[in-house]
Number of protein chains: 2
Amino acid sequence: MGTKTVKTIEDIAKLANVSKSTVSRALNDSSLINPETKNRIKAIAEEHNFCMNLPARNLSRRQSCTVGFVTHSHQCGFTVEDMFGLEIMSAIGSGLDVLGYDLLLIHMKPRDNSWAHQYFDSGRVDGFIMMKTGRGHAYSKLLSEMNAPFIIWGVPEPEINGCTVTGDNLSGGILATEHLIRIGRKKIAFLGGPEYDLEAQLRQKGYETAMRNAGRKIEPDLMVNGDYYLESGKTGMQQLLEKTPDVDAVFVCGDVMAIGAIEVIQKSGRRVPEDVAVVGYDDLAIATYNNLPITTVRQNIQMSGKLLAQNLVQSIKTGVVTHVTVPVELVVRKSA
Amino acid sequence: MGTKTVKTIEDIAKLANVSKSTVSRALNDSSLINPETKNRIKAIAEEHNFCMNLPARNLSRRQSCTVGFVTHSHQCGFTVEDMFGLEIMSAIGSGLDVLGYDLLLIHMKPRDNSWAHQYFDSGRVDGFIMMKTGRGHAYSKLLSEMNAPFIIWGVPEPEINGCTVTGDNLSGGILATEHLIRIGRKKIAFLGGPEYDLEAQLRQKGYETAMRNAGRKIEPDLMVNGDYYLESGKTGMQQLLEKTPDVDAVFVCGDVMAIGAIEVIQKSGRRVPEDVAVVGYDDLAIATYNNLPITTVRQNIQMSGKLLAQNLVQSIKTGVVTHVTVPVELVVRKSA
DNA sequence: CTTTAATCTGCAACCGGTTGCAGGCCGGTC
DNA sequence: GACCGGCCTGCAACCGGTTGCAGATTAAAG
């Protein structure tokens with residue numbers, strides 16, 4: 001539509017008095033074409049600011065140059081777990097951009113496994129990116145059965161045979177805990193994630209490592225599990241305060257829970273960070289914009305997105321399966 | 001790849017002993033095909049859980065069944081303006097899903113206008129969705145020049161000739177202000193957006209309307225402008241407190257600014273909401289998770305996303321240009 | 001029993017690119 | 001002058017669908 005008259009390589013071919021194939025080769029920088037001819041053709045294309053029809057090209061090449069970002073659409077709208085996903089999605093987008101790939105959003109419904117076929121077998125996408133989820137195993141199995149390249153943000157697990165990229169949870173745990181030790185806290189608690197969660201396990205291991213390195217004892221009473229949601233941050237903190245009233249610091253495995261924890265601490269009449277210091281994890285937007293900006297462990301989202309993009313594309317092209325760990329850093333704000 | 005042997009309609013055609021075209025028609029529910037044949041073919045397709053190659057279909061039909069969500073990638077990563085965009089994107093995704101359209105992320109670089117051609121002329125997408133931006137005009141002009149259907153989240157402006165969907169900013173302003181009046185506040189201030197911003201203007205008009213309806217005077221000293229960023233929330237509130245120390249309520253045009261405002265209020269020794277009640281706007285995640293959950297005006301993101309999807313697709317198919325206003329609601333939390 | 005129409009199916013062209021292969025043109029060599 | 005090889009270019013098939021049109025079949029009408 002519009003006023004454009006030069007829409008296909010055939011149009012260009014006519015203008016240049018060559019064949020369609022020559023134009024195709026010229027625009028693809030094939031070495032078969034005489035440099036002069038090539039430049040002439042390119043100039044014509046440029047002049048009419050020609051844009052090749054990518055779907056057609058992709059059909060020919062039997063690829064889509066598109067990857068699907070799988071979102072587990074919660075019926076109830078958003079959870080903050082998604083917030084991290086959303087932030088990383090943007091980073092993936094720019095990462096793919098430079099590789100010539102596009103990012104397609106895939107909305108999968110709760111108990112619907114058809115999305116994989118829908119998008120892969122139909123040639124819509126060449127591979128998938130997903131956030132680690134409880135269902136990770138199932139999906140990963142599904143995808144590898146159909147030979148679909150995919151990459152997961154999360155800790156690699158033996159059952160999952162696709163690429164992974166994950167933050168350095170162990171170092172993150174250490175950084176957070178060491179910070180609390182450094183600022184002179186004596187009773188440092190740990191508010192973790194679900195038991196089965198590998199990331200949380202590593203963060204916990206980091207906590208324990210830092211404690212041991214500092215010659216501290218690891219007391220079970222100083223450790224509780226949460227589930228990353230606000231409520232569990234509150235109840236978890238409640239328990240910690242009851243078991244150990246003189247706790248003076250807590251490393252919380254997620255920013256949202258940290259917010260819950262801070263609320264409970266303040267309600268109990270204690271001040272943050274004076275009485276109890278709090279370190280979160282993830283550096284979500286809410287950590288910055290919180291009333292009391294939260295000291296937290298930042299996952300390098302830009303780099304992670306880029307790596308997710310690069311490694312997935314690599315895997316699509318070569319079949320190589322990679323696992324990467326991305327460094328994290330501590331961001332000191334007001335809460336500790 | 002994989003074990004699948006039935007990949008194309010031609011394969012199905014062989015199995016069913018019919019021609020390729022018959023299969024195509026059958027799977028598309030063409031009325032030309034004998035119901036019996038149709039069912040037989042569908043059964044075969046089902047049995048081999050066949051997935052049609054969509055790029056090929058789309059090439060044939062000269063459409064992509066994909067729309068691009070244009071994100072203005074800030075060099076510096078994320079702004080909270082994006083947060084709203086991200087939340088709505090997900091809603092758009094599900095809205096498009098039921099219409100059989102896909103959502104593609106488009107990352108446009110700061111001063112690069114080629115994205116429009118890149119994606120539209122190349123047949124990658126059939127239309128665009130964008131958040132209102134300062135550059136709205138330029139982009140909108142670009143898009144209409146190339147006859148590309150698009151829809152914008154934002155207040156319709158004469159220069160922009162594409163579809164729009166926007167929250168009911170006027171009612172939002174009224175709701176927020178009436179709430180503050182209802183809870184008995186005497187000196188209600190308004191912390192607005194940038195002057196040129198139409199949404200902010202309407203919210204302000206809502207504020208003024210509610211004030212007048214309640215028989216209140218509109219005092220310039222009670223009104224300042226912000227720019228939606230945290231810092232401007234702080235400085236704006238600072239000014240208000242200086243000009244009118246006995247201000248006891250403020251309607252802030254954005255949640256992020258509201259957080260800044262709350263901080264300044266508390267720092268000044270006043271309590272929220274006892275001394276100064278605060279109502280925000282947008283109901284971002286940070287409003288819920290804020291240490292002091294914010295009373296705010298919620299844009300119906302789910303509905304908005306759906307409408308953006310529906311109206312854009314309608315516009316792609318028929319060329320109709322629509323403008324929609326989506327109702328908003330007041331969410332009362334702790335800050336007012 | 002023919003004519004006509006309605007119903008169904010297949011052929012082949014087409015969407016806009018890519019690519020294997022054949023062939024034209026050129027200069028160099030024997 | 002004939003032969004050979006390298007460098008370009010074009011033909012035509014192909015990717016996997018859609019669709020206009022023609023033709024076959026059958027039923028209904030005359």
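Being a predicted model, the structure only gives us computed values, none of them experimental. Each chain gets a letter, A, B and so on, in the order its sequence line appears, and its residues count up from 1.
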Partner set under side-chain contact (heavy atoms from CB on, under 4.5 Å) for Val155(A), not counting sequence neighbours
Thr166(A), Asn169(A), Leu198(A), Glu199(A), Leu202(A)
Quick one: which residue pairs count as a salt bridge (Lys or Arg N to Asp or Glu O under 4.0 Å) with a foot in residues 58-71 of chain A, not counting sequence neighbours?
none
Taking for each residue the nucleotide of DNA chain D bearing the nearest heavy atom, is the 5' side occupied by Arg62(A) or by Ser19(A)?
Ser19(A)
Find which nucleotide of DNA chain D each of Thr37(A) and Ser60(B) is nearest to by heavy atoms, and output the residue with the more 5' nucleotide.
Thr37(A)
Evaluate the ring planes of Phe128(A) and Trp115(A), with Trp represented by its six-membered ring, and classify them as parallel (under 30°), tilted (30 to 60°) or perpendicular (over 60°).
perpendicular
What are the atom names and distances for every N/O pair under 3.5 Å that joins the protein to nucleotides 23-27 of chain D?
none

State, with a plain yes or no, whether a side-chain heavy atom of Leu96(A) is found less than 4.5 Å away from one of Val313(A).
yes
Student check: side-chain heavy atoms of Phe69(A) and Val67(A) closer than 4.5 Å
no
Checking [X] now: which residues fulfil side-chain hydrogen bond (donor to acceptor under 3.5 Å, both in side chains) with it, not counting sequence neighbours?
X: Asn17(B); value: none
X: Lys42(A); value: Asp29(A)
X: Ser144(A); value: Asn161(A)
X: Ser21(A); value: Ser19(A)

Result block: side-chain N/O donor-acceptor pairs under 3.5 angstrom for residues 50-60 of chain B, not counting sequence neighbours:
| unit_1 | atom_1 | unit_2 | atom_2 | d |
| --- | --- | --- | --- | --- |
| Asn53(B) | OD1 | Ala56(B) | N | 2.9 |
| Arg57(B) | NH2 | Asn28(B) | OD1 | 2.6 |
| Asn58(B) | ND2 | Leu54(B) | O | 3.3 |
| Asn58(B) | ND2 | Ser64(B) | O | 3.3 |

Return yes if some donor-acceptor pair links the side-chain N/O of Asn49(B) with the main-chain N/O of Glu46(B) below 3.5 Å, else return no.
no
Got a donor-acceptor contact below 3.5 angstrom from the Thr66(B) side chain to the Asp102(B) backbone?
no
Which heavy atom of [X] sits nearest a heavy atom of [Y], and at what distance?
X: Cys163(A); Y: Asn311(A); answer: SG-O, 4.2 Å
X: Met130(A); Y: Leu143(A); answer: SD-CD1, 3.9 Å
X: Asn113(B); Y: Leu142(B); answer: O-CD2, 3.7 Å

Specify the residue among Leu59(B) and Ser31(B) whose closest nucleotide of DNA chain C lies further upstream toward the 5′ end.
Ser31(B)
How large an angle, rounded to 10°, do the end axes of the helix from dC1(C)-dG30(D) to dC30(C)-dG1(D) enclose when each is built from five base pairs?
70°
Could you tell me the boundaries of the chain A footprint on DNA chain C, defined by atoms under 4.0 Å from its heavy atoms?
dG16(C) to dC21(C)
What residues 20-29 of chain A contributes to the DNA chain C interface at heavy-atom separation below 4.0 Å is Lys20(A), Ser21(A), Ser24(A), Arg25(A), Asn28(A)
Polar pairs (N or O, both sides) under 3.5 Å between protein and nucleotides 5-7 of chain D?
none

